[in-house]
Student: 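Here you go, one structure.
Whatever order the structure lists ligands and atoms in, that order sets their numbers, starting from 1.
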Amino acid sequence: MRAFAAVLVTVLTAGITAVSEEARKPPEKLVFKAKPGDVVFDHAKHIKAAKNDCKVCHDRFWPQSAKAPLNFKAGLHKPAEAKHTSCGFCHHPGGGSFESKGNCNRCHHKGTGKT
Ligand code: HEC
Ligand code: HEC
Ligand code: HEC
C-alpha cells in the first residue's frame, strides 16, 4: 500500500511538472536591442511559421528565456546563415525566409524608438 502511494505521488508530481512546462506562455513579441536599430521579433507569427512546433527553436537554438544570447550577430550574420543556426536556420537563401543581405531594414528599425 505504501509503495502504491509513493508511485501515485511520483506520477502526480510528474504530471504537474509537465503541465507547468507546457503552460509557459509564449510572448507575442520580443524586442532585441541592436546598434543598427532594434529588431522586433514577432514570436506569435514565428510560431505559425513553425506550425506550432516549439521544438523547431526550443531548446535547440534558445531556451525559453528572453535573456539568453541569440548567437546571431557575429560576422554580420554570415556565419549563422552559412551554418543554418540561430535566426539563420530559416533566414538564409532557400531557407524559408529572407536572408540578411539586402534586407537589413526588414529586421533593423531605426529612429522611431517604438519600432
Ligand atoms: C521560430 C523560433 C521560435 C519558435 C517556433 C518558438 N519560439 Fe519561443 N522564443 C524564440 C526566441 C528567439 C526567444 C528569445 C530567445 C532569447 O532571447 O535568447 C523565445 C522566447 C520564448 C519564451 C521566453 C519569453 C520571456 O519573456 O522570457 C517563451 C516562454 C517561449 N519562447 C515560448 C515558446 C512556446 C511555448 C513555443 C511553442 C508554442 C515557442 N516559444 C516557439 C523563438 C521561438
Ligand atoms: C523556423 C524558421 C524561422 C526562424 C528560426 C526565424 N524566422 Fe524570422 N521569419 C520566418 C518566416 C517564415 C517569416 C515570414 C516570411 C517572410 O517574410 O519571409 C519571418 C519573418 C521575419 C521578420 C519579418 C516580420 C514581418 O514584419 O513581416 C523578422 C523581423 C524576423 N523574421 C526576424 C527573425 C529573427 C530576429 C529571428 C531569430 C531570433 C528569426 N526571425 C528566426 C522564419 C523564421
Ligand atoms: C532576420 C533579421 C535580421 C536581418 C535581416 C539583419 N539583422 Fe542584424 N541583427 C539581428 C538581430 C536579432 C541582432 C541581435 C543579435 C544578437 O544579439 O545575437 C542583430 C545584430 C546586428 C549587429 C550587432 C549590433 C550590436 O548591437 O552589437 C549588427 C552590426 C547587425 N545586426 C547588422 C546587420 C546588417 C548590416 C544587416 C544587413 C546586411 C542585418 N544586420 C540584417 C537581426 C537581423
Side-chain angles (χ1 to χ4, degrees):
M1 187 58 205
R2 193 178 291 170
F4 173 74
V7 168
L8 192 65
V9 165
T10 311
V11 168
L12 282 177
T13 315
I16 289 162
T17 312
V19 165
S20 59
E21 265 168 26
E22 261 167 42
R24 286 227 45 201
K25 203 172 152 12
E28 277 291 307
K29 286 191 177 160
L30 290 169
V31 179
F32 302 120
K33 299 268 169 211
K35 280 183 210 128
D38 291 351
V39 177
V40 179
F41 178 70
D42 192 329
H43 190 268
K45 196 165 162 182
H46 278 84
I47 287 177
K48 276 198 200 123
K51 302 193 169 65
N52 286 318
D53 186 0
C54 312
K55 290 195 292 297
V56 169
C57 298
H58 299 299
D59 291 341
R60 181 152 56 135
F61 300 128
W62 312 279
Q64 291 188 10
S65 157
K67 292 194 184 94
L70 282 181
N71 300 317
F72 186 50
K73 70 178 158 199
L76 288 182
H77 313 311
K78 285 189 194 118
E81 285 187 307
K83 281 188 256 156
H84 304 175
T85 62
S86 186
C87 312
F89 178 63
C90 301
H91 290 275
H92 70 258
S97 192
F98 56 90
E99 62 178 313
S100 294
K101 195 178 163 199
N103 288 310
C104 314
N105 299 339
R106 287 188 70 177
C107 288
H108 292 285
H109 298 273
K110 270 194 208 288
T112 61
K114 61 178 160 77
T115 52

Student: Just wondering, is there an N, O or S atom on Cys104 that's nearer than 2.8 Å to atom 8 (Fe) of ligand 3?
Tutor: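 Here the distance criterion (N, O or S atom, under 2.8 Å) is not met by Cys104, so no.
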
Student: Just jot down the ligand 1 atoms closer than 4.0 angstrom to any heavy atom of Ala68, in number order.
Tutor: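 Reading through ligand 1 atom by atom, the close ones are 16 (C), 17 (O), 18 (O).
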
Student: Please state whether Lys25 comes within less than 4.0 angstrom of ligand 1, counting heavy atoms only.
Tutor: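 A heavy atom of Lys25 does come that close to ligand 1.
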
Student: Starting from atom 12 (C) of ligand 3, locate the nearest protein heavy atom and write down its residue, its atom name and how far away it is, to 0.1 Å.
Tutor: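 Nearest protein contact, heavy atoms only, for atom 12 (C) of ligand 3 is Leu70 CD1, 3.7 Å.
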
Student: Check for me whether Phe98 has a heavy atom closer than 4.0 Å to any atom of ligand 2.
Tutor: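 Flag set, Phe98 near ligand 2.
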
Student: How far is atom 30 (C) of ligand 3 from its nearest protein heavy atom, and which residue and atom is that?
Tutor: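 Protein heavy atom at minimum distance: Pro36 CG, 3.5 Å.
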
Student: Supply the atom-to-atom distance Asp59 CG to Gln64 CD, rounded to the nearest 0.5 angstrom.
Tutor: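 Here the interatomic distance stands at 6.5 Å.
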
Student: Looking only at N, O or S atoms, find the one in His58 nearest to atom 8 (Fe) of ligand 1 and name it.
Tutor: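 Restricting His58 to its N, O and S atoms, the minimum distance to atom 8 (Fe) of ligand 1 goes to NE2.
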
Student: Please list, in number order, the atoms of ligand 2 under 4.0 Å from a heavy atom of Gly96.
Tutor: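 Counting atoms of ligand 2 from 1, those under 4.0 Å from Gly96 are 12 (C).
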
Student: Return all protein N, O or S atoms below 2.8 Å from atom 8 (Fe) of ligand 2, chain by chain in residue order.
Tutor: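 Near atom 8 (Fe) of ligand 2, below 2.8 Å, one finds His46 NE2, His91 NE2.
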
Student: Considering non-hydrogen atoms only, spot the tightest contact between Val40 and Lys29 and give its length.
Tutor: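 Distance-wise, the nearest heavy atoms are CG1-CD, 3.9 Å.
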
Student: Suppose I only count heavy atoms of Ala34 and a 4.0 Å limit; which atoms of ligand 3 are within that range?
Tutor: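 Per the distance check, 20 (C), 26 (O).
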
Student: Report the atom name of the nearest N/O/S atom of His77 relative to atom 8 (Fe) of ligand 3.
Tutor: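 For His77, the N/O/S atom sitting closest to atom 8 (Fe) of ligand 3 is NE2.
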
Student: Atom 8 (Fe) of ligand 1 to Cys57: any N/O/S contact under 2.8 Å?
Tutor: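 No N, O or S atom of Cys57 is closer than 2.8 Å to atom 8 (Fe) of ligand 1, so no.
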
Student: In ligand 2, which numbered atoms sit nearer than 4.0 Å to a non-hydrogen atom of Val56?
Tutor: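 Contacts of ligand 2 toward Val56, numbered from 1: 1 (C).
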
Student: To which protein heavy atom is atom 11 (C) of ligand 3 closest, and what is the distance rounded to 0.1 Å?
Tutor: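 Minimum-distance protein heavy atom for atom 11 (C) of ligand 3 reads Val39 CG2, 3.8 Å.
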
Student: Could you report the tightest heavy-atom contact between Pro36 and Lys110, atom names first, then the distance?
Tutor: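 So the two residues come closest at O-CG, 3.4 Å.
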
Student: Is atom 8 (Fe) of ligand 3 under 2.8 Å from any N, O or S atom of Cys107?
Tutor: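 Coordinating: no.
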
Student: What about Trp62: any of its N or O atoms under 3.5 Å from an N or O on ligand 1?
Tutor: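 Between Trp62 and ligand 1 (N or O atoms, distance only) the closest approach is not under 3.5 Å.
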
Student: Give, for atom CD of Glu99 and atom CZ of Arg106, the distance between the pair rounded to the nearest 0.5 Å.
Tutor: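 Interatomic distance, Glu99 CD to Arg106 CZ, rounded to 0.5 Å: 11.0 Å.
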
Student: Tell me which part of Cys54 gets within contact of ligand 1: side chain, backbone, both or neither, using heavy atoms under 4.0 Å.
Tutor: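 Looking at Cys54 and ligand 1, atoms from backbone and side chain both fall under 4.0 Å.
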
Student: Of all the heavy-atom pairs spanning Pro79 and Ala74, show the shortest one and how long it is.
Tutor: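 That would be CD-O, 3.4 Å.
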
Student: Going by the angle between their ring planes, with limits at 30° and 60°, are Phe98 and His91 parallel, tilted or perpendicular?
Tutor: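 Rings of Phe98 and His91: perpendicular, as their planes differ by over 60°.
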
Student: What is the distance from atom NZ of Lys35 to atom NE2 of His108, rounded to the nearest 0.5 Å?
Tutor: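 Taking NZ in Lys35 and NE2 in His108, the distance rounds to 11.5 Å.
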
Student: Hey, is ligand 3 close enough to Asn103 that some N/O pair sits below 3.5 Å?
Tutor: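 The answer is no, given that Asn103 and ligand 3 share no N or O pair closer than 3.5 Å.
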
Student: Do Ile47 and Leu70 land in one hydrophobic cluster if side-chain heavy atoms of ILVMFWY residues count as linked below 4.5 Å?
Tutor: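 Different clusters: Ile47 never reaches Leu70 through Ile, Leu, Val, Met, Phe, Trp or Tyr contacts under 4.5 Å.
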
Student: Could you tell me, atom by atom, which parts of ligand 1 come under 4.0 Å of a heavy atom of Leu30?
Tutor: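 Counting atoms of ligand 1 from 1, those under 4.0 Å from Leu30 are 13 (C), 14 (C), 19 (C), 20 (C).
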
Student: Hey, which atoms in ligand 1 end up nearer than 4.0 Å to a heavy atom of Ala50?
Tutor: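 With Ala50 as reference, the close atoms of ligand 1 come out as 5 (C).
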
Student: Would Phe61 count as a contact of ligand 1 if the rule is a heavy atom under 4.0 Å away?
Tutor: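 In this structure, Phe61 fails to qualify as a contact of ligand 1 - no heavy atom is under 4.0 Å.
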
Student: For the side-chain contact (heavy atoms from CB on, under 4.5 Å) test, which of Glu81, Lys83, Arg60 pairs with Phe89?
Tutor: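 The option that passes is Arg60.
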
Student: Minimum heavy-atom separation for Ala66 and Leu30, please, with both atom names.
Tutor: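 That closest heavy-atom pairing would be CB-CD2, 3.9 Å.
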
Student: For ligand 3, note which part of Asn71 has a heavy atom under 4.0 Å away: side chain, backbone, both or neither.
Tutor: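 For Asn71, only backbone atoms sit under 4.0 Å from ligand 3.
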
Student: Polar contacts were defined as any N/O atom of the residue lying under 3.5 Å from an N/O atom of the ligand; does this apply to Lys35 and ligand 3?
Tutor: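 N/O-N/O distance under 3.5 Å: yes.
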
Student: Would you check, one step at a time, whether the test side chain to side chain contact (heavy atoms under 4.5 Å, CB included) holds for Cys107 with Phe41?
Tutor: CA-CA 8 Å; Cys107 288; Phe41 178 70; over 6 Å; no

Student: Looking only at N/O atoms, are Lys73 and ligand 3 under 3.5 Å apart anywhere?
Tutor: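 Such a contact does occur with ligand 3.
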
Student: Checking a contact table here: which protein heavy atom is nearest atom 17 (O) of ligand 2, and how many Å away?
Tutor: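 Result for atom 17 (O) of ligand 2: Arg106 NH2, 3.1 Å.
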
Student: So if I count the atoms of ligand 3 from 1 in the order they appear, which ones are less than 4.0 Å from some heavy atom of Leu76?
Tutor: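 That gives atoms 29 (C), 32 (C), 35 (C) of ligand 3.
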
Student: Apply the ring pair (Phe, Tyr, Trp, His ring centres under 6.0 Å) test between Phe72 and each candidate in His84, His92, His77; give the one that qualifies.
Tutor: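 Going through the options one by one, the only one that passes is His77.
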
Student: Need the ligand 2 atom indices (1-based, order shown) with element for anything under 4.0 Å from a heavy-atom of Val40.
Tutor: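 Contacts of ligand 2 toward Val40, numbered from 1: 29 (C).
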
